[in-house]
Student: 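Let me give you the structure first, and then I'll get to my questions.
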Amino acid sequence: MNGVLLKEAADAILNADYFIALTGAGISKESKIPTFRGEDGLWRNYDAMELATPSAFTRNPSLIWEWYAWRQGLISECEPNPAHNTLVRWEERGILKTLITQNVDGLHIRAGSVNVHEVHGDLWTLKCTSCNYRGRLMQPATGIPSCPQCNNHLRPDVVWFGELLDPVIMDHVYTELERADACIVIGTSALVQPAASFPLIVKQRGGKIIEVNVEPTMLTGTVDFYLSGKAGETLPALDELMI
Ligand code: OAD
């Protein structure tokens with residue numbers, strides 16, 4: 001790891017008035033949760049159009065639930081890693097103001113982060129395909145859960161391809177992006193919109209962008225500090241410099 005660059009990035013975080021974070025699947029990789037597009041990524045082995053679209057759910061709800069129950073089982077065995085824990089520490093110290101995540105694994109909240117915006121939803125929350133019912137699973141789903149209010153199918157409350165993000169969450173997120181003067185972007189390929197553009201909003205307003213990733217992304221050319229390395233090692237290393 002380049003020590004000078006790391007120190008400069010740590011100083012940029014400390015000097016910011018409103019520092020935020022954007023995370024993607026790569027931050028949970030060291031917790032043993034597969035990413036989507038990298039080596040062993042879910043979308044390399046499974047067809048997103050068959051598993052993560054509203055029409056796929058209508059066609060074959062039991063297949064979709066089988067896949068989500070498998071992911072819920074896998075995630076329930078995993079623990080937050082030092083990268084999640086560093087973000088908790090920064091929030092507790094008042095350095096990190098908000099955390100925006102594309103992850104549906106719930107690990108930021110399990111780690112103890114409080115001000116978290118899960119823009120792609122949460123794997124454990126349920127919503128009815130017919131009425132306004134919302135519920136929460138405490139353990140991996142079995143079969144197709146049905147709505148206690150209207151008996152129709154429940155689905156995971158995650159954003160599928162072709163769906164819009166929750167407008168209430170997005171309102172909060174855009175407010176935070178407009179306030180931010182520094183943003184750390186951790187473990188995302190920056191290929192899925194609108195999240196891929198969030199750092200650019202901060203950048204366009206003159207903010208600093210710090211990227212942590214094991215490989216360059218679409219964003220790397222525009223960031224102020226590219227920190228090449230695993231999130232679970234790079235974040236604690238940054239933290240050590242932020243005394
Ligand atoms: P991707 O799987 O597209 O990208 C994961 C990124 O993490 C890649 O850039 C990797 O290089 C990086 N990475 C892997 N291991 C890492 C580590 N230990 N430390 C740091 N970086 C690491 O995941 P996302 O960008 O999050 O959407 O994907 C965005 C969205 O696409 C997901 O939220 C999901 C998916 O379809 C929905 O489910 C709606």
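Side chains are part of it too, since the values below use all heavy atoms of this structure and drop only hydrogens, waters and symmetry mates.
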Student: What I'd like to find out is whether the side chain of Leu87 reaches to under 4.5 Å of the side chain of Ile27, using heavy atoms alone.
Tutor: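 Leu87 reaches Ile27 side chain to side chain.
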Student: Please identify which of these residues, Ile210, Asp11, Leu238, meets the side-chain contact (heavy atoms from CB on, under 4.5 Å) condition with Leu6.
Tutor: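 Among Ile210, Asp11, Leu238, the one meeting side-chain contact (heavy atoms from CB on, under 4.5 Å) with Leu6 is Leu238.
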Student: How far does CE of Met242 sit from OG1 of Thr86, to the nearest 0.5 angstrom?
Tutor: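 If we round to the nearest 0.5 Å, Met242:CE and Thr86:OG1 are 9.0 Å apart.
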Student: Does the side chain of Arg71 come within less than 4.5 Å of Leu51's, by heavy atoms?
Tutor: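 In short, these two side chains do not touch, never coming nearer than 4.5 Å.
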Student: Taking the side chain from Gln72 and the backbone from Leu123, do they hold a donor-acceptor pair closer than 3.5 Å?
Tutor: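 Yes, the answer is positive, given that a donor and an acceptor are paired below the 3.5 Å cut-off.
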Student: Give a yes or no answer on whether the side chain of Asp47 reaches the backbone of Met49 with a donor-acceptor pair at less than 3.5 Å.
Tutor: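 Pair found, side chain donor or acceptor close to backbone of Met49.
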Student: In terms of ring plane angle, is the pair Tyr174 and Phe198 parallel, tilted or perpendicular, where the classes change at 30° and 60°?
Tutor: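 Rings of Tyr174 and Phe198: perpendicular, as their planes differ by over 60°.
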Student: So Val212 and Leu235, do their side chains get closer than 4.5 Å, heavy atoms only?
Tutor: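 Yes. Closest side-chain heavy atoms under 4.5 Å.
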Student: Has Lys230 got more than 12 heavy atoms of other residues, nucleotides or ligands less than 6.0 Å from its NZ?
Tutor: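 Atom NZ in Lys230 is not crowded, with 12 or fewer foreign heavy atoms closer than 6.0 Å.
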Student: Work out which heavy atom in Ala52 is nearest to a heavy atom in Tyr68; give both atom names and the distance.
Tutor: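 Closest heavy-atom pair between Ala52 and Tyr68: CB-OH, 4.4 Å.
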Student: Which value, rounded to the nearest 0.5 Å, describes the distance between Cys183 atom SG and Leu219 atom CG?
Tutor: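 It comes to 9.0 Å.
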Student: Under a 4.0 Å N-O cut-off, is there an ion pair linking Asp224 with Lys203?
Tutor: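 Judged by the 4.0 Å cut-off on N to carboxylate O distance, Asp224 and Lys203 do form a salt bridge.
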Student: Can you confirm whether Leu154 sits close enough to Lys127 that some side-chain heavy atom of one is under 4.5 Å from a side-chain heavy atom of the other?
Tutor: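 The answer is no; the side chains never approach within 4.5 Å.
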Student: With a sphere of 6.0 Å drawn around CD of Gln193, does it hold more than 12 non-hydrogen atoms of other residues, nucleotides or ligands?
Tutor: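 Yes, because the 6.0 Å sphere around CD of Gln193 holds more than 12 heavy atoms from other groups.
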Student: Check Ala111 against His84 and note the closest heavy-atom contact, atom names and distance.
Tutor: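 Between these two residues, the closest heavy atoms are CB-CB, 3.8 Å.
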Student: Would you say Glu211's side chain and Val223's backbone share a donor-acceptor pair under 3.5 angstrom?
Tutor: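 Between the backbone of Val223 and the side chain of Glu211 there is no qualifying donor-acceptor contact (under 3.5 Å).
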Student: Is a donor on one side and an acceptor on the other found under 3.5 Å between the side chain of Ser28 and the backbone of Ser31?
Tutor: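 Side chain of Ser28 to backbone of Ser31, a donor-acceptor pair under 3.5 Å: no, none is there.
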Student: Please list, chain by chain and in numerical order, all residues satisfying side-chain contact (heavy atoms from CB on, under 4.5 Å) with Pro82, sequence neighbours excluded.
Tutor: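 If we apply the side-chain contact (heavy atoms from CB on, under 4.5 Å) test to Pro82, skipping adjacent residues, the hits are Pro236.
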Student: Is there a path of hydrophobic side-chain contacts, each under 4.5 Å between heavy atoms of I/L/V/M/F/W/Y residues, joining Val185 to Phe36?
Tutor: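 No, separate clusters.
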Student: Looking at every heavy atom in both Leu74 and Cys78, which two are closest together, and how far apart are they?
Tutor: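 Minimum heavy-atom contact is O-SG, 3.2 Å.
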Student: Between the side chains of Asp157 and Arg136, is the shortest nitrogen-to-carboxylate-oxygen separation below 4.0 Å, so that they form an ion pair?
Tutor: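 Salt bridge absent between Arg136 and Asp157.
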Student: Do Val158 and Phe161 land in one hydrophobic cluster if side-chain heavy atoms of ILVMFWY residues count as linked below 4.5 Å?
Tutor: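 Yes, because Val158 and Phe161 connect within a single hydrophobic cluster, where side-chain heavy atoms sit under 4.5 Å apart.
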Student: Residues in side-chain hydrogen bond (donor to acceptor under 3.5 Å, both in side chains) with Thr23, at least two apart?
Tutor: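 side-chain hydrogen bond (donor to acceptor under 3.5 Å, both in side chains) check on Thr23 returns Thr101, His108.
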Student: Under a 4.0 Å N-O cut-off, is there an ion pair linking Lys208 with Asp181?
Tutor: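 Salt bridge flag = no for Asp181 with Lys208.
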Student: Measure the shortest side-chain to side-chain distance between Cys128 and Cys150 over non-hydrogen atoms and say whether it is less than 4.5 angstrom.
Tutor: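 Side-chain contact under 4.5 Å: yes.
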Student: Ion pair present between Glu77 and Lys32, side-chain N to carboxylate O less than 4.0 angstrom?
Tutor: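 No salt bridge links Glu77 with Lys32.
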Student: Taking the side chain as C-beta and beyond, is there a heavy-atom pair between Ile186 and Asn213 under 4.5 Å?
Tutor: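 The answer is no, as the side chains (C-beta and beyond) never meet within the 4.5 Å cut-off.
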Student: Nearest 0.5 Å, what's the OG1-CD distance between Thr53 and Glu50?
Tutor: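 That separation rounds to 7.5 Å.
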Student: If you apply the rule side-chain contact (heavy atoms from CB on, under 4.5 Å), what do you find for Cys147 with Cys131, and how did you get there?
Tutor: CA-CA 8 Å; Cys147 179; Cys131 73; 3.6 Å; yes
Student: Write down the atom of Thr217, the atom of Ser189, and the distance for their closest heavy-atom approach.
Tutor: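 For Thr217 and Ser189, the tightest heavy-atom pair comes out as CB-O, 3.8 Å.
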Student: With the side chain counted from C-beta on, respond yes when Arg37 and Thr188 share a heavy-atom pair under 4.5 Å apart, and no when they do not.
Tutor: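 No - every pair of side-chain heavy atoms lies 4.5 Å or more apart.
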Student: Got a second to check how far His120's NE2 is from Asp166's CG, nearest 0.5 Å?
Tutor: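 One finds 12.0 Å between NE2 of His120 and CG of Asp166.
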Student: Quickly, which of Glu176, Glu91, His172 forms a side chain to side chain donor-acceptor pair (under 3.5 Å) with Thr98? Name it, please.
Tutor: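 Of all the options given, the one that passes is Glu176.
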Student: Does a side-chain N-to-carboxylate-O contact under 4.0 Å join Glu163 and Arg155?
Tutor: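 Result for this pair is yes, salt bridge flagged.
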Student: Do Ile209 and Val173 share a hydrophobic cluster (ILVMFWY, side-chain heavy atoms under 4.5 Å, transitive)?
Tutor: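 Yes; Val173 is reachable from Ile209 via cluster members.
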Student: Checking Asn2 side chain against Leu5 main chain: does a donor-acceptor pair fall under 3.5 Å?
Tutor: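 Looks like yes, one N/O pair under 3.5 Å.
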Student: Verify the neighbour count for atom CD of Glu178: are there more than 12 heavy atoms of other residues, nucleotides or ligands below 6.0 Å?
Tutor: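 Counting other residues, nucleotides and ligands, CD of Glu178 exceeds 12 neighbours.
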Student: Between CG of Leu177 and CD1 of Ile201, what distance do you get to the nearest 0.5 Å?
Tutor: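 The distance works out to 5.0 Å.
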Student: Could you tell me the separation between the CG atom of Asn60 and the OG atom of Ser62, rounded to the nearest 0.5 Å?
Tutor: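 Rounded to the nearest 0.5 Å, the CG-OG separation comes out at 4.5 Å.
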Student: Less than 4.5 Å apart, any side-chain heavy atom of Thr35 and any of Leu42?
Tutor: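 No - every pair of side-chain heavy atoms lies 4.5 Å or more apart.
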